[in-house]
Amino acid sequence: MSEPTKTKNLDQNGSPELPWSRARDLLATQTPKEDLTFFVGTVRPDGRPHSAGVGAIWVDETLYFVSGPGTVRARNLAANPACSVSVRLKGLDLTVEGEAEPVADPATLERVAAAYREGGWPAQVTEGGFDAPFMAPSAGPAPWFLYRLVPTRAIGVACAEPYGASRWDFGR
């Protein structure tokens, strides 16, 4: 994930804008070690929204998430890669908007699988995705595919000092 090209202060109480480094550093230190719940929002072909919890992880300055090939999320992303990923980090609620790109590169899959293993999910690279002894019941059978979120915008709202709210725009 690159640095933002523009930051806008959204705080209406006089707090200064939040630096992107706050969100980035929280992602780097809390995944995969903390028990975080990420939600991916996608758009169905008829325009209706879909949101589901996912196992997401921050590796090499990039936010990744996994999806079973038969899930609503995977079908939506195949038709329209626009999505959002939301999470409550310690002291910061974060939503990142952008496009999901499938990842099949073996070296990247192995780096991300190693990070998932560090966090307790015993992912192994197989058939262009991951396999493990367990996965969310709604994911369907392995292999589970990896996606990289290419951000266009992120919004952070601090729920701990220093307070504030900011929007970060990323160039494409």
Side-chain angles (χ1 to χ4, degrees), residues 1-4 20 23-45 48-90 92-156 168 170-172:
M1 192 175 286
S2 61
E3 290 297 310
W20 168 247
R24 183 195 63 222
D25 293 350
L26 288 169
L27 286 166
T29 59
Q30 291 184 24
T31 67
K33 298 164 188 77
E34 301 291 329
D35 183 20
L36 300 173
T37 302
F38 288 82
F39 291 89
V40 172
T42 60
V43 181
R44 299 173 199 258
R48 291 180 302 134
H50 176 266
S51 182
V54 297
I57 196 162
W58 181 260
V59 177
D60 298 335
E61 299 290 315
T62 302
L63 189 59
Y64 294 95
F65 62 91
V66 176
S67 184
T71 63
V72 171
R73 174 177 54 253
R75 292 192 310 267
N76 290 347
L77 292 173
N80 178 355
C83 65
S84 63
V85 178
S86 301
V87 63
R88 171 166 257 184
L89 301 164
K90 285 186 181 174
L92 185 74
D93 293 342
L94 180 67
T95 298
V96 183
E97 300 170 351
E99 291 192 356
E101 293 181 345
V103 177
D105 167 53
T108 302
L109 288 170
E110 189 49 53
R111 278 195 317 277
V112 175
Y116 275 121
R117 288 191 297 270
E118 181 184 336
W121 185 47
Q124 298 295 324
V125 176
T126 181
E127 300 177 49
F130 297 137
D131 195 356
F134 59 88
M135 179 60 153
S138 60
W144 303 298
F145 297 117
L146 183 67
Y147 294 85
R148 165 191 305 113
L149 181 62
V150 179
T152 54
R153 172 174 284 175
I155 297 171
W168 304 283
F170 297 86
R172 273 293 298 218

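This structure is a prediction, so every number in the text was calculated from the model and none was measured.
In terms of heavy atoms, Ala132 sits closest to Trp144 at N-CZ3, 3.4 Å. Taking all atoms of both residues into account, the shortest heavy-atom contact from Arg73 to His50 is N-CE1, 4.0 Å. The two atoms that bring Ala113 and Val125 nearest to each other are CB-CG2, 4.1 Å, heavy atoms only. Considering all non-hydrogen atoms of both residues, Ser138 and Thr71 come closest at O-CG2, 3.7 Å. Pairing each heavy atom of Cys83 with each of Val40, the nearest pair is CB-CG1, 4.3 Å. Nearest heavy-atom pair, Ala82 versus Leu77, reported as atom, atom and distance to 0.1 Å: O-CD2, 4.2 Å.
Panel note: side chain Gln30, backbone Lys90; a donor-acceptor pair is recorded below 3.5 Å. Of the possible donor and acceptor atoms, one in the side chain of Tyr116 sits under 3.5 Å from a partner among the backbone N and O of Gly55. Side chain of Thr31 to main chain of Trp58: a donor-acceptor pair is present (N/O by atom type, distance under 3.5 Å, no hydrogens or angles).
Within the structure, every pair that satisfies the side chain to side chain donor-acceptor pair (under 3.5 Å) test and touches residues 118-128, not counting sequence neighbours, is listed here: Lys33-Glu118.
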_Val59 vs Tyr64, test: side-chain contact (heavy atoms from CB on, under 4.5 Å). Steps then yes/no._
CA-CA 7 Å; Val59 177; Tyr64 294 95; 4.0 Å; yes
*List the steps and the verdict of side-chain contact (heavy atoms from CB on, under 4.5 Å) for Trp168 and Ile155.*
CA-CA 6 Å; Trp168 304 283; Ile155 297 171; 5.9 Å; no
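Side-chain atoms of Thr62 and Arg148 include no donor-acceptor pair closer than 3.5 Å.
Counting heavy-atom neighbours within 6.0 Å of Arg88 CZ, excluding the residue itself, gives a total of 12 or less.
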Could you pull out every donor-acceptor pair under 3.5 Å between side chains of residues 102-112 and any protein atom, sequence neighbours left out?
| unit_1 | atom_1 | unit_2 | atom_2 | d |
| --- | --- | --- | --- | --- |
| Asp105 | OD2 | Thr108 | N | 3.0 |
| Asp105 | OD2 | Thr108 | OG1 | 2.6 |
| Thr108 | OG1 | Arg111 | NH2 | 3.4 |
| Glu110 | OE2 | Arg117 | NH2 | 2.7 |
| Arg111 | NE | Asp60 | OD2 | 2.6 |
| Arg111 | NH2 | Asp60 | OD2 | 3.4 |

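Here the CG-CD distance, from Leu89 to Glu34, works out to 9.5 Å after rounding to the nearest 0.5 Å.
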